[in-house]
Amino acid sequence: MSIGFACLTLGLYDYQFRTVMAKNANKETLYEVINHNLTILDKMIDYCAENKIYMYRISSDLIPFGSSPINQLPWESLFQEKFISIGKKIIENRIRVSLHPGQYTVLNSFKEDVVDRAILDLIYHNKILDLLKIDSTHKIILHIGGAYQNKQAAIQNFENNYKRLNPDIQSRLVIENDDKIYTIEEVLQIGEKCQIPVVYDNLHNQINPSFPLQSDKEWIERCARTWKPKDGKQKTHYSQQAKGKKSGSHSFTIDIETFLQYYRSTNSHHQFDIMLEVKDKNLSAIKCNQAVFDYFSITDLEKEWAKYKYLVLERSPNIYQAIRLLLQSKKEYPVVAFYSLLEEAFAVRLQTSVVCNSLEHVWGYFKDKATLTEKKKFFSMLEKYKTGIIKLQQIKRYLFRLATSYQITYLLQSYYFEEDFIN
DNA sequence: CACCGTCAAGTCGCA
DNA sequence: TGCGACTTGACGGTG
């Protein structure tokens, strides 16, 4: 089984997808953006393989306006070879990919034009998988849609419109319970009736539950029966509620203890795949994979530690020391303790004096190389940060520029400059 | 260069 | 009946 992440990465340099606004969507711009996005996708697949992450959701934004007449570029033929080579890489590395049309793709609408656009959008998503030349174990995940004050009629509408889809699309389509309208019981009834595999989403079920209540394990077991051999391994979605945020918001990271509890209570025989929905994306995917699979070792923890260390030092020198100690014995594999300590560190509020201490540590990489001007600039920024004139982001951006110009690989490969960690 | 409004989709809930 | 919220990250104009 596999544990994967969705669409984007954190802490990696130059892995950003580009988008285009409708008014700028001319052929030249579209060509450049699609070409760029396919290059990024190719790098993402490499990244997954290198990190032993065997599941990845491809962003629907891969081809801007991919299902809209705004995009008049014959991108399928123009980029055919690029798709094929990425597809080969996906197969060679045994990575399972998926696609997830957004909330605005509504197959069960009572407005014919909305349904037409939904079908075009599913054709677009299917086309990506076709161009990659990968089979029907690589799925397209869809929600049922609106309720329109008459759920039974709306469900019937979904079923009717599903039957209008091309069998190729049907063979790849799977349906999922959502956080507002369709519960897992309702989605299962549709899936069982129409032979559509069902993806169980634990958080959606938590906030939009089906009565009588059943355990995650029970729902997952019932969903399992909707998955046929041609569909590949059963897929599920897993996320945790962000504390203090509104219901349904995904947590920043996956709490490893909570995850393992869920994992052990549901997936002890490795019978299904898990797509994580979490803000820190690839980082939680690495964490959960390392916590579950025996093909990781202390060396892999050390590699992750190298990337996290200055983020930990800038929050808690005590936890920094504790992790150093923890990883000293090369015979153990203290994966849960390691990630629990990381989580503990990220819960610590930034304190200016501690942050400055770590900034000076990082400055250590430059102090023999930097020019006098650069040195002056850094220490003047440090003073401005101490007095609250500038933000941490600004001084880190400066250090990132230095790391780039002096090619300090160790820093450039770390998560230290990732701005999503600063809040 | 930092900051923040805008974009793009369909449904639903609240004036 | 109409309009804002919902959602998301990147774009792109402003200061």
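In what follows, chains carry the letters A, B, and so on, assigned in the order in which the sequence lines appear, proteins first and then strands, with residues in each chain numbered from 1. No hydrogens, no waters, no symmetry mates; every other heavy atom, side chains included, goes into these values. The structure presented is a predicted model; accordingly, all values stated were derived computationally and were not measured.
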Sorted by number, the residues of residues 111-126 of chain A with heavy-atom contact under 4.0 Å to DNA chain B: A/Lys111, A/Val114, A/Arg117

In terms of ring plane angle, is the pair [X] and [Y] parallel, tilted or perpendicular, where the classes change at 30° and 60°?
X        : Y        : result
A/Phe79  : A/Tyr31  : tilted
A/Tyr238 : A/Tyr262 : tilted
A/Phe83  : A/Trp75  : tilted
A/His100 : A/His237 : tilted
A/Trp219 : A/Tyr200 : parallel

Pairs touching residues 83-99 of chain A that satisfy side chain to side chain donor-acceptor pair (under 3.5 Å), sequence neighbours left out: A/Asp42-A/Lys89, A/Asp46-A/Lys89, A/Arg96-A/Asp273

Are OP1 or OP2 of [N] and a side-chain N or O of [X] less than 4.0 angstrom apart?
X        : N      : result
A/Lys23  : C/dC11 : no
A/Arg397 : B/dA2  : yes
A/Ser109 : B/dT11 : yes

Specify the separation, in whole Å, of atom [atom1] of [X] and atom [atom2] of [N].
X        : N      : atom1 : atom2 : answer
A/Leu392 : B/dA2  : CG    : P     : 13 Å
A/Asp178 : B/dT11 : CG    : P     : 13 Å
A/Leu62  : C/dG9  : CG    : P     : 17 Å
A/Asn37  : C/dA10 : CG    : C1'   : 11 Å
A/Tyr182 : B/dT11 : OH    : P     : 11 Å
A/Ile390 : B/dA2  : CD1   : P     : 10 Å
A/Lys180 : B/dG10 : NZ    : P     : 17 Å
A/Phe17  : C/dT8  : CZ    : C1'   : 15 Å

Pair listing, salt bridge (charged side-chain N to carboxylate O under 4.0 Å, His left out) test, anchored in residues 3-20 of chain A, at least two apart: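 As it turns out, the salt bridge (charged side-chain N to carboxylate O under 4.0 Å, His left out) pairs with a partner in residues 3-20 of chain A, which skip direct neighbours, are A/Asp14-A/Lys43.
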
Where the side chain of [X] is concerned, which of [options] is the nearest nucleotide?
X        : options              : answer
A/Lys391 : C/dA10, C/dG9, B/dC3 : B/dC3
A/Val106 : B/dT11, B/dC3, C/dC6 : B/dT11
A/Leu8   : C/dC11, C/dG9, B/dA8 : C/dG9
A/Gln103 : B/dC7, C/dT8, C/dC6  : C/dC6
A/Lys246 : C/dC6, B/dA2, C/dC11 : C/dC6
A/Lys279 : C/dT7, C/dT8, C/dA10 : C/dT8
A/Arg401 : B/dA8, C/dT7, B/dC1  : B/dC1

Can you tell me how far [atom1] in [N] sits from the matching atom in [M], rounded to whole Å?
N     : M      : atom1 : value
C/dT7 : B/dG13 : P     : 14 Å
C/dG4 : B/dG5  : P     : 15 Å
B/dC3 : C/dC6  : P     : 24 Å

Sub-6.0 Å ring centroid separation between A/Tyr398 and A/Phe417: no

[X] and [Y]: side chain donor to acceptor below 3.5 Å:
X        : Y        : answer
A/Asp216 : A/Thr266 : no
A/Glu304 : A/Tyr415 : yes
A/Asn282 : A/Tyr47  : yes

Along DNA chain B (nearest heavy atom to each residue), the more 5'-positioned of A/Ala22 and A/Tyr148: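 Whichever sits nearer the 5' end wins; that is A/Ala22.
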
Sugar-phosphate, base or nothing in reach of A/Gly146, heavy atoms under 4.0 Å: sugar-phosphate

Quiz item: cation-pi between A/Lys375 and A/Phe366, 6.0 Å / 45°: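 The answer is no; the distance or angle limit is not met.
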
Using a cut-off of under 3.5 Å, enumerate the N/O to N/O pairs linking the protein to nucleotides 13-15 of chain B.
none

Paired stretches of DNA chain B - 3 or more consecutive Watson-Crick or G-U pairs, each distance under 3.5 Å: B:1-8 with C:8-15, B:10-15 with C:1-6

Those residues that, when tested against A/Phe65, pass ring pair (Phe, Tyr, Trp, His ring centres under 6.0 Å) (two or more places apart): none

